[in-house]
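Heavy-atom basis, side chains included; hydrogens, waters and symmetry copies ignored. This is a predicted model, so every value here is computed, not measured. Throughout, a chain's letter reflects where its sequence line sits, starting with A, and its residues are numbered from 1.
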Amino acid sequence: MSIFLDENTKVVYQGLTGSAGRFYGLRNRDYGTQVVAGTHPKKVGEEVDGIPIFANVGDAVEATGATASCLFIPAPFVKDAVMEAADGGVSLIVVITEGVPAHDEAWFFNKLAEDYPDVRLLGPNCPGLISPGKANVGITAGHIAKDGGPVGIVSRSGTLTYQALYELKQQDIGVTTCVGIGGDPVPGTSFIDCLAAFEADPETKAVMMIGEIGGSAEEEAAEFIRDHMTKPISAYVAGVTAPPGKKMGHAGAIVSGGKGTAAAKMEALEAAGVKVGQNPTEAGELMVDLVRHL
Amino acid sequence: MDLFEYEGKQFFASYGIPVPDGEAAASVEDAVAAAERIGFPVVVKAQVHTGGRGKAGGIKLASSEDEVRQYASDILGMDIKGHTVNIVWIEEASEIAEEYYASFTLDRSKKRHLGMLSAEGGVEIETVADENPDAIAKIWIDPIVGLTDDQTRGWVAAANLNPAATEGAVELLQKLYTAYDQGDADLVEINPLILTPNGQVHALDSKVSLDSNSVFRHPNYERYDATQPRDERETAAHEQGLQYVGLDGSVGVIANGAGLAMSTVDVVSQAGGNAANFLDIGGGANAEVMAGALQVINNDPEVKSIFINIFGGITRGEEVAKGIVGALEQVDIDSPIVIRLDGTNADEGRAILSPHLSEMLMVEDTMLSAAAKAVELAGGAA
């Protein structure tokens, strides 16, 4: 099994008519994802390589039965587009867009929690998610992942996720689902959400977790792991040598006032029984070792 | 982006928050002219993005033209914790009855805005938090609802401010929340927030950090971006639109993706060296971006070797390799380059690089061996 996404998930792409939306939307379809619709208020009735365009997510859901939406929408319009998706009736909203203001993220996170508690938001500023062999929603290169499990991956970083998928494939190890939760200050889906889903998924036997400096999401995940996870976990936290106060590319990756350091996060994870690697390669090797001993 | 105190006070004033009258000056003569307009006594304050200005001698009370002249010339050009003072803020001196602390920021774990208010102001809030956490009254604000009048009153009462400050504090805090919310701030902080002997509540200092992602709806924030202190390297990188952070080491780093770039800096350190920078060129890694990145790194006199760490996802290895070769045709590089290329079609990419390999351009198979090689070429372990 996989979490959040499988071959039956029907996905509408908001921004399918734009260049990035078209490029990744069609790639996702080639991978096997059910890309059933796109939206654009002024291009109703048109098609993108055979995929019909609707005025909004509500119309697309009504016509196609879509249950998920993927957003390739410019940052200024993401807030409205997220609410359009929730109002339209999908249960999974994946926001690839980077550069969304933190106040907008806090706003729609809380709005969804209050008005649509069952809707899952992933991102913003994330690579999306892939259940290898079944479906791929977002910008991950599908061919670098091996399907079938037993590993589930959750990560705050895009390229480090690809690295992890690739290294596991080199070792002939498959992945159930790989979720990129993104590097922004208010991620819609947290490490804990993914860990809980992997714990409940019978085909996922081990979990790989990739964190980075800033915030306290890894520390909170460590607490959850200690209390609730029975499956083995390997982890890596990027940014050990990051200087305090500097933003390291991701808006969420900033160490402030001695809090959020990679060292503190690795310590918390180790204390919770997680095998922590000092670099991505080592974390990959630890995962391989965990899988061989399952 | 972090604002200087004077920019923060102008930002506050634009939302109706009471701040003392003041003027920014970049020269001694401008400082004197500002003081004469404002009227003595004035405070001469160094404008730098760091704390501890008072202890360093960067804040002085001046009662006369001679004193302003003296203090402004002492403070302009002063080094405070590695920050050079280029601007002083000349401000009317305030009478202080009590000093408080107030701030709003995002609580990332609770996903709500956090307001903090304390009757113990004028000292580092981290110290208060460590030694007397109960002295900080906290509220969490639902972004959908905002900060209500009732909530503000309860908050001010919980902080045990002087009753004379209540009305002024309630009014100021609501304006401060509006500034934080509508202004897309990551942080607004007033320390000290003062109560004057005649019962006024004013912002005597400001610490403001604005979300650079919000510039599309605040076009006037460009001017704050223009005053961000950047070293030469950071300026060059900023002009090219590169995600760059200057560090102190001798191994120049180029990687695609923020996480991989952070990780690259880490492995250089684990190999016994030190990175000269963090640089994320994004997913694409085409020749133009690569050339720009190499140029920025090549201009850094501390760089002794360059480590290019690329993972090909959708951008295939041969495209990345062509980008590197193309970039090297555009830029003359002084330091040896070590490349680690992995991911999609990495072998094809390495084949494209192979005729170009020399003592100045090497390929390593893994991230760790590439880091070790780059550190060795930079003169070995630090």
The criterion is side chain to side chain donor-acceptor pair (under 3.5 Å); which residues satisfy it with B:Ser209, sequence neighbours excluded? B:Asp2
Relative to chain B, which segment of A:Tyr162 carries a heavy atom at a distance below 4.5 Å: side chain, backbone, both, or neither? both
Here the gap from A:Glu212 atom CD to B:Met262 atom CE, rounded to the nearest 0.5 Å, amounts to 4.0 Å
Take B:Ser263 and A:Leu160 through the side-chain contact (heavy atoms from CB on, under 4.5 Å) test and state the conclusion after the steps. CA-CA 8 Å; B:Ser263 187; A:Leu160 288 177; 4.0 Å; yes
To the nearest 0.5 Å, tell me how far A:Thr159 OG1 sits from B:Ile310 CD1. 9.5 Å
Heavy-atom proximity to chain A below 4.5 Å, by part of B:Asp181: both
Residue among A:Ala75, A:Ala141, A:Pro76 with most heavy-atom pairs under 4.5 Å to chain B: A:Pro76
Go through the atoms of B:Leu279 and report whether side chain, backbone, both or neither lie under 4.5 Å from a heavy atom of chain A. neither
Smallest heavy-atom separation, B:Asn213 atom then A:Gly99 atom, equals CB-O, 3.3 Å
Under 4.0 Å between a side-chain nitrogen and a carboxylate oxygen: does that hold for A:Glu114 and B:Arg112? yes
B:Gly343 versus A:Tyr166, closest heavy-atom pair with distance: O-OH, 3.5 Å
Under 4.5 Å from any heavy atom of chain A - which part of B:Thr366: neither
Does any heavy atom of chain B fall under 4.5 Å from the side chain of A:Ala106, the backbone, both, or neither of them? both
Decide, yes or no, whether a salt bridge links A:Asp104 with B:Arg217 under the criterion of side-chain N to carboxylate O below 4.0 Å. yes
Tell me, for A:Phe108 versus chain B, whether the close heavy atoms (under 4.5 Å) come from the side chain, the backbone, both or neither. neither
Heavy-atom closest pair, residues B:Gln270 and A:Gln278: NE2-O, 2.7 Å
With only heavy atoms counted, which part of B:Val267 is less than 4.5 Å from chain A, the side chain, the backbone, both or neither? side chain
Under 4.5 Å from any heavy atom of chain A - which part of B:Glu234: side chain
Could you tell me which of A:Ser216, A:Pro280, A:Pro101, A:Ala238 has the largest number of non-hydrogen atom pairs under 4.5 Å with chain B? A:Pro101
Are side-chain N/O atoms of A:Thr241 and B:Asp266 paired as donor and acceptor at under 3.5 Å? yes
Between A:Phe109 and B:Lys111, the two heavy atoms sitting closest are CE2-CG, 3.6 Å
What part of B:Asp142 gets closer than 4.5 Å to chain A, counting heavy atoms only: side chain, backbone, both or neither? side chain
Greatest number of heavy atom pairs closer than 4.5 Å to chain B - which of A:Ile144, A:Thr281, A:Val100: A:Val100
Which region of B:Tyr244, side chain (C-beta onward) or backbone (N, CA, C, O), has a non-hydrogen atom less than 4.5 Å from a non-hydrogen atom of chain A, or is it both or neither? neither
What heavy-atom pair brings A:Ala102 and B:Asp211 nearest, and what distance separates the two atoms? N-OD2, 2.8 Å
Proximal component of B:Leu368, with respect to chain A [non-hydrogen, under 4.5 Å]: side chain
Under 4.5 Å heavy-atom distance to chain A, tell me which part of B:Ile144 shows up: side chain, backbone, both or neither. both
Under 4.5 Å from a heavy atom of chain B, the part of A:Glu220 involved: side chain
